[in-house]
Each structure stands twice: as structure tokens, then as C-alpha cells.
Amino acid sequence: MRSGRVAFLTGAANGLGREMLLELQRRGVRVVALDVDAETLGKLKGELAPGSMIVAGDVRDPVAMAEAVKRILSIYGRIDMLIVNAGIECVGTIWETDAETFSHVVSVNLLGAYNVISAALGPILSSRGHVLAMSSVAAFLPWPLAGSYGASKAGLEALIRALRFELQGTGVTFSTAYLGFVDTPMARRALGAPAVKDALAQLPLRLLGVMPLQDSATVARALIDGAEQRQTSIFLPAVARLTLLLRGLYSLFDSYFARSVGPIIQSERGFHETTRSRE
């Protein structure tokens, strides 16, 4: 089993992760699919191509990630591509999000990414391989009602940029994917919250690259294309590239949009009742 390319994919059990698993297999890549949801992950067995495998594990656990990499090397002898996809969201204002919940989002989306990259970096260096990390337009846009998610994705962007500088010339390359909303269970949960719908209605979502809601299989193909071409940045939808280029200019309009969005959120999420209860 030691011939051919091997990809290590986290957050593989459903949504965009599952679509990337299937896309990689169509291209002849053997995939090690990791997810914390062992039950859902087990349902993927029927979709695995010969040579692919599933591994249950929590990206928040650095020991578990190190053990997963050891297992991969013992079977395949290499890792050519690492796809850092595991992530979660939390819909809620900062004032109603407790420290444990905020920490949980950051520990999966940012510290989990660090744990996986740290564990797999040696094999990736040996193969002169590639790392694809799932960031978001939330890394450079205000993300009300998901501040923990936006903060974690901004941190992930910074982590990948630092690694790109530190490992320049080694043969290892990095892609950061800046995604708007993709049609996945996670996105549908977020968009199903009334306050989210009302707040987003006040913003030019298509102009900013947040919308339209993108087909997950189409996004998966574009992501794997970008990774195979070792693109530094992947923007989906493409207009998100303009949003990144103009991020400094857009920040000048924060106060304007906040005047529309803020009162809606405060009203629907009980700001005054919540803050009074803390006095």
C-alpha cells in the first residue's frame, strides 16, 4: 500500500469533508479520513475506495493526532497532502457565549489545526507535500453572531501565513481557503437562526463574498484543484478575493453597517435583559 499519493483529511465525516474525500478518491488519491464523530464516520465505509481508510480522533488532542500520523506512516509510509478541515460553529453574541463554549470553538478550529499540522509536518516535509487549510471570509470580515468562529478563522489564516514564511524553500507549500457559505449541515444550522437571517439581510452579502450558498461538491472540486496546483489562496466564491484586497477599505464602513445590524441583534438576542442580569 506504499505507492501513490496519500491525503490526510480531517473533519471528513460529512459536509464539505465528505465531498473532498470523494473528490480525492476520484483522482486516485488514497485518503485517510479522520473525524471525531465515529458513528457518522463509520457510515463512510461503503464509500471508501480501495486503499482509503477511516480513523476516529479528536483534533483537540495532540497525542491522538500524533498517534494517527504514526498509524498512517505504518500503513502508507507517507503523507503527501494534509487537509485541515475539522471545524465547528457557535451561533450567538459575544455577551451570551460563555467562556467554555468560546474556548471549545477556538480549540477545534485553531488549536486543532495546530495539533494536526504539528503532528503531520515531518512526513509532509519528507514528501515535499502540501497543506490546505479551511479558513473563511469571516477571517477578514465582521462576523456578528459568530465571533468565536470569526476569531478562530482569523487565527488559522495567521498560522498558515506564518508557516508559509517559516518553511519557504523546503518544498512544502500551503493553501488557505477563504470560503463564503457552503451548503453543509453546519451552514444550514447557522442560517436557520432567525437573528442570523435578519442580520445578514442588512449586508451586501454577494458583494462581500459571503453568499450565494455554494454547492458543496462544486466547492470540493475547486478546493482540490487549488491544492493540486499549490495555490497560495483559494477564494470561493471568487469575489471574496476582492473582499480580501479591499479589507482595509471595507473596515471604514463598519460603523455604517453596525448601525443597521446591531439593534436587530440586540433586540432578538435579549441584550438588555442579559446585561441587566449580570449587573
Side-chain angles (χ1 to χ4, degrees), residues 2 4-11 16-17 20 23-24 27 29-32 34 59 62 65-66 68-70 72-73 76-87 106-141 150-180 209 219-248 251:
R2 292 176 180 267
R5 293 182 296 165
V6 177
F8 182 20
L9 168 64
T10 69
L16 186 57
M20 287 192 286
E23 183 62 31
L24 286 162
R27 301 180 189 215
V29 179
R30 293 171 298 165
V31 184
V32 178
L34 180 139
V59 296
M65 293 305 98
V69 169
K70 287 181 182 178
I72 294 169
L73 295 178
Y76 301 98
R78 62 187 298 126
I79 299 174
D80 300 284
M81 183 185 297
L82 172 62
I83 302 179
V84 183
N85 176 65
V106 173
S107 68
V108 173
N109 296 358
L110 178 55
L111 295 179
Y114 164 79
N115 290 337
V116 174
I117 293 170
S118 178
L121 197 53
I124 290 288
L125 281 163
S126 297
S127 67
R128 299 172 71 86
H130 187 73
V131 178
L132 167 61
M134 298 301 134
S135 186
S136 167
V137 294
F140 49 80
L141 287 174
S152 68
K153 292 302 182 180
L156 179 58
E157 178 198 35
L159 175 65
I160 297 302
R161 292 181 71 187
L163 283 163
R164 188 179 295 120
F165 273 68
E166 292 171 357
L167 295 175
Q168 178 64 34
T170 64
V172 177
T173 49
F174 296 87
S175 293
T176 304
Y178 299 96
L179 305 180
V219 169
R221 285 194 296 272
L223 288 169
I224 303 306
D225 283 344
E228 290 190 329
Q229 297 163 17
R230 297 184 181 242
Q231 296 176 6
T232 299
S233 302
I234 303 169
F235 298 93
L236 296 168
V239 71
R241 181 186 299 273
L242 179 62
T243 304
L244 176 62
L245 292 173
L246 297 177
R247 66 194 298 178
S251 67

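Keep in mind the model is a prediction, meaning the values are calculated, not measured.
Atom CZ of R27 has more than 12 heavy atoms from other residues, nucleotides or ligands within 6.0 Å. Around atom CD of Q229, more than 12 heavy atoms belonging to other residues, nucleotides or ligands sit under 6.0 Å away.
Between the CG atom in D225 and the CZ atom in R221 there is a gap of 9.0 Å [rounded to 0.5 Å]. With rounding to the nearest 0.5 angstrom, the CZ atom of F174 is 10.0 Å from the CD atom of Q168. The structure places CE of M81 at 8.5 Å from OG1 of T173, a figure rounded to the nearest 0.5 Å. Here the CD-OG distance, from E157 to S233, works out to 8.0 Å after rounding to the nearest 0.5 Å. Summarising the geometry, atom CD1 belonging to I117 is positioned 11.0 Å from atom CZ belonging to F8; distances are rounded to the nearest 0.5 Å. Here the CZ atom belonging to R241 is positioned 10.0 Å from the CG atom belonging to L236, to the nearest 0.5 angstrom.
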> After noting the C-alpha distance and the side-chain angles of N109 and L156, does the key distance pass the side-chain contact (heavy atoms from CB on, under 4.5 Å) rule?
Replying inline: CA-CA 7 Å; N109 296 358; L156 179 58; over 6 Å; no

>> Would L73 and K70 count as a side-chain contact (heavy atoms from CB on, under 4.5 Å) here? Give the steps.
In response: CA-CA 5 Å; L73 295 178; K70 287 181 182 178; 5.9 Å; no

>> Walk me through whether I72 and I79 qualify under side-chain contact (heavy atoms from CB on, under 4.5 Å).
In response: CA-CA 8 Å; I72 294 169; I79 299 174; 3.7 Å; yes

>> Using side-chain contact (heavy atoms from CB on, under 4.5 Å), reason through L223 and M134 one step at a time and then give a plain yes or no.
In response: CA-CA 9 Å; L223 288 169; M134 298 301 134; 3.9 Å; yes

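Between T243 and F235 there is no side-chain heavy-atom pair separated by less than 4.5 Å. Using a 4.5 Å cut-off on side-chain heavy atoms (C-beta onward), S135 and I160 make no contact.
Counting only distance, with no hydrogens or angles, the side chain of T10 and the backbone of A86 share a donor-acceptor pair below 3.5 Å. In this structure, the side chain of D80 does not engage the main chain of A7 through any donor-acceptor pair within 3.5 Å. Without hydrogens or angle criteria, S175 side chain to Q231 main chain gives a donor-acceptor distance under 3.5 Å. At distances below 3.5 Å, not a single donor-acceptor pair connects side-chain atoms of R230 with backbone N or O atoms of V172.
The shortest non-hydrogen separation linking S152 to L110 is O-CB, 4.1 Å. Here the shortest heavy-atom pairing between I124 and L82 reads CD1-N, 4.0 Å. For the pair K153 and S136, the tightest heavy-atom approach, listed with the atom from each and the gap, is CG-CB, 3.9 Å. Nearest approach of A220 to E23, heavy atoms of both residues: O-CG, 4.3 Å. Contact between A227 and H130 at its shortest, heavy atoms only, is O-CD2, 3.6 Å. Shown here for A68 and L34, the closest heavy-atom pair between the two residues is CB-CD1, 4.1 Å.
Using bins of under 30°, 30° to 60° and over 60° for the plane-to-plane angle, the ring pair Y178/F140 lands in the tilted bin.
Test V219, I234, V29, I83 against I224 for side-chain contact (heavy atoms from CB on, under 4.5 Å) and you get one pass: I83.
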